[in-house]
2 protein chains.
Amino acid sequence: MAATQALPTLDAARLKIACKSCSLFELCLPLGLESNDLDRLETIIQRAKPLTPGTHVFHVGDPFRAIYAIRSGSLKSYTLTNDGEEQITGFHLPGELVGLDAISTNAHHCGAIALETVSICTIPFDQIQTLSQTIPSLGQQLLRLMSMEIMHNQDHLATLSKKSADQRLAALLISISERYKRRGFSESEFNLTMSRGDIGNYLGLAIETVSRLFTKFQQQNILETQRKFVRILDMQQLKTIAGSCGTAC
Amino acid sequence: MAATQALPTLDAARLKIACKSCSLFELCLPLGLESNDLDRLETIIQRAKPLTPGTHVFHVGDPFRAIYAIRSGSLKSYTLTNDGEEQITGFHLPGELVGLDAISTNAHHCGAIALETVSICTIPFDQIQTLSQTIPSLGQQLLRLMSMEIMHNQDHLATLSKKSADQRLAALLISISERYKRRGFSESEFNLTMSRGDIGNYLGLAIETVSRLFTKFQQQNILETQRKFVRILDMQQLKTIAGSCGTAC
DNA sequence: CGAATCCTTGAACACCTTCAACAGGGGTGG
DNA sequence: CCACCCCTGTTGAAGGTGTTCAAGGATTCG
């Protein structure tokens with residue numbers, strides 16, 4: 001059972017500060033694991049050098065070997081449409097997993113690119129599967145995370161299908177704000193790590209429309225922006241715009 | 001509604017002809033299972049009376065107890081937007097699983113409604129999890145099916161984000177055609193089980209737009225339609241419209 | 001047979017896109 | 001350090017695609 005071999009002290013130290021002391025613990029794959037199971041998970045996790053902005057974590061079509069958790073920084077994931085255009089499917093913050101869509105085909109259907117300097121935990125999939133057989137809660141957490149991804153995609157799908165441009169941008173800003181908040185950062189001030197073009201691509205809008213919306217929100221005193229920096233001045237109104245459901249949400 | 005009479009011998013027979021002889025075997029959850037493992041899976045699968053059109057398989061917010069496989073007929077699944085509107089997230093044919101999005105929250109995020117008379121296999125989730133611990137390939141197949149759902153949602157997301165109304169309807173018709181074909185039905189003639197309103201809702205278009213597109217495709221001799229019946233006359237052109245990538249796809 | 005529902009068609013309008021030009025940083029090289 | 005260039009982002013005007021509003025036709029079901 002304890003395949004964990006004695007490790008050099010340096011590695012042990014590095015591993016020790018890994019998942020157990022990671023502030024993202026409760027958002028990430030290890031959630032729900034016992035301490036000793038966590039130790040076993042940590043032995044299979046690989047932590048490489050940070051990636052520089054614009055670097056691929058994996059490309060579309062790459063063979064599927066691992067899933068990836070973000071330790072710090074942010075990513076965008078994208079698919080290619082059949083005429084070769086990029087469709088951004090999500091922006092990912094620390095604690096989130098990417099690469100889950102590759103399980104069924106054994107090849108990455110999405111690509112993932114660093115939006116800023118990013119630290120990644122690489123988790124080889126065959127080893128997760130092996131571990132899951134003796135750590136049921138690991139497999140369960142993997143299922144939960146995949147289910148969350150399905151839910152999130154469905155929400156975004158509804159956004160693209162039904163909402164106006166204003167609503168879409170408001171919803172994105174709120175989503176980013178809430179995710180930063182959960183990670184202990186300011187919910188009202190942050191730097192967008194993605195370009196206007198990325199935002200437009202993700203929201204199904206032209207880049208010019210996104211730009212105009214930022215201007216408009218600023219004129220309405222909902223936001224204050226300087227290029228990538230955003231300060232939310234009126235969260236309530238932003239939520240009203242996003243949800244268009246009066247005061248309740 | 002009517003009393004579910006216990007018919008022991010009939011039930012036993014019905015269970016016996018279950019997954020092993022089901023024509024959907026290779027599309028569904030049992031794929032990849034050994035014969036004896038399949039027997040064990042079949043003991044937990046519940047097969048109730050067919051549902052009548054318009055009946056819910058499960059509602060939004062229902063506690064999560066099981067996932068559901070379609071034996072015959074078709075379903076639509078939908079989420080509710082925060083202002084209470086229905087957003088259809090998918091149309092489902094025999095062999096497909098629904099309810100996978102509920103795993104993370106233990107409550108159904110989507111609802112599912114029968115579009116016609118539908119036979120359902122109910123697979124209690126706690127029992128799948130128990131079984132998966134001794135049948136690894138069952139857990140793997142579940143992961144694969146969830147991954148496929150993620151991929152499918154991402155494709156649809158790209159459709160809503162980038163494609164024109166013509167492209168969206170063409171893509172949907174091709175998707176339905178291909179899925180019928182894989183199940184041994186005609187790829188060029190079928191009955192749409194969903195309404196124009198459902199199609200519009202799914203594709204992010206007004207019902208009037210959908211209606212006009214059907215008229216247009218008919219005038220272009222791509223389709224022949226009589227209300228819900230569709231005959232595809234020019235599959236090649238339909239694919240060209242959907243993909244807008246010349247002759248290749 | 002009538003009512004209700006679903007679908008179709010027409011016309012005006014709105015929203016967002018496209019095209020075009022310009023502004024403003026950030027980096028590089030002189 | 002400044003000038004220059006490139007890239008990103010902003011702004012304006014025109015145009016198109018799909019929506020909305022409105023009315024009429026078809027089908028189903030009681």
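Note that the structure is predicted; figures quoted are calculated from it, not measured. What's counted below: heavy atoms across the whole structure, side chains too, no hydrogens, waters or symmetry copies.
A donor-acceptor pair under 3.5 Å is formed between the side chain of A/Arg168 and the backbone N or O of A/Leu203. In terms of modelled atom types and a separation under 3.5 Å, the side chain of B/Thr89 and the main chain of A/Gln154 share no donor-acceptor contact. Between the side chain of A/Gln167 and the backbone N or O of A/Ser164 there is at least one donor-acceptor pair closer than 3.5 Å. Here the side chain of B/Ser147 pairs a donor or acceptor atom with the backbone of A/Leu100 at under 3.5 angstrom.
Here the P atom of nucleotide C/dC16 and the CG atom of A/Leu203 are 12 Å apart, to the nearest Å. Atom CZ of A/Arg168 and atom C1' of C/dC15 are 11 Å apart (whole Å). What separates NZ of B/Lys228 from C1' of C/dC7 is a distance of 10 Å, to the nearest Å. Between A/Gln218 atom CD and D/dT10 atom C1' the separation is 11 Å, expressed in whole Å. Here the P atom of nucleotide C/dC15 and the CG atom of A/Leu213 are 12 Å apart, to the nearest Å. In this structure, B/Asn191 atom CG and D/dT27 atom C1' are separated by 14 Å, rounded to whole Å. Atom pair B/Met194:CE and C/dC6:P shows a separation of 15 Å (rounding to whole Å applied). Spacing between atom CZ of A/Phe214 and atom C1' of C/dA23 amounts to 18 Å, rounded to whole angstrom units.
Note on B/Lys162 versus A/Asp83: no salt bridge recorded, every NZ/NE/NH1/NH2 to OD/OE distance being 4.0 Å or above.
Listed by first then second residue, pairs satisfying salt bridge (Lys or Arg N to Asp or Glu O under 4.0 Å) with a partner in residues 90-104 of chain A read A/Glu96-A/Arg179, A/Glu96-A/Arg183, not counting sequence neighbours.
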field: Annotated protein contacts, base or backbone, on nucleotides 14-25 of chain D with a non-hydrogen cut-off under 4.0 Å, one of B, S, - each
entry: ----SBBB----
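A close approach under 4.0 Å does occur between a side-chain nitrogen or oxygen of A/Thr215 and OP1 or OP2 of D/dT11.
Residue B/Lys216 is out of contact with every strand shown, counting any heavy-atom pair closer than 4.0 Å.
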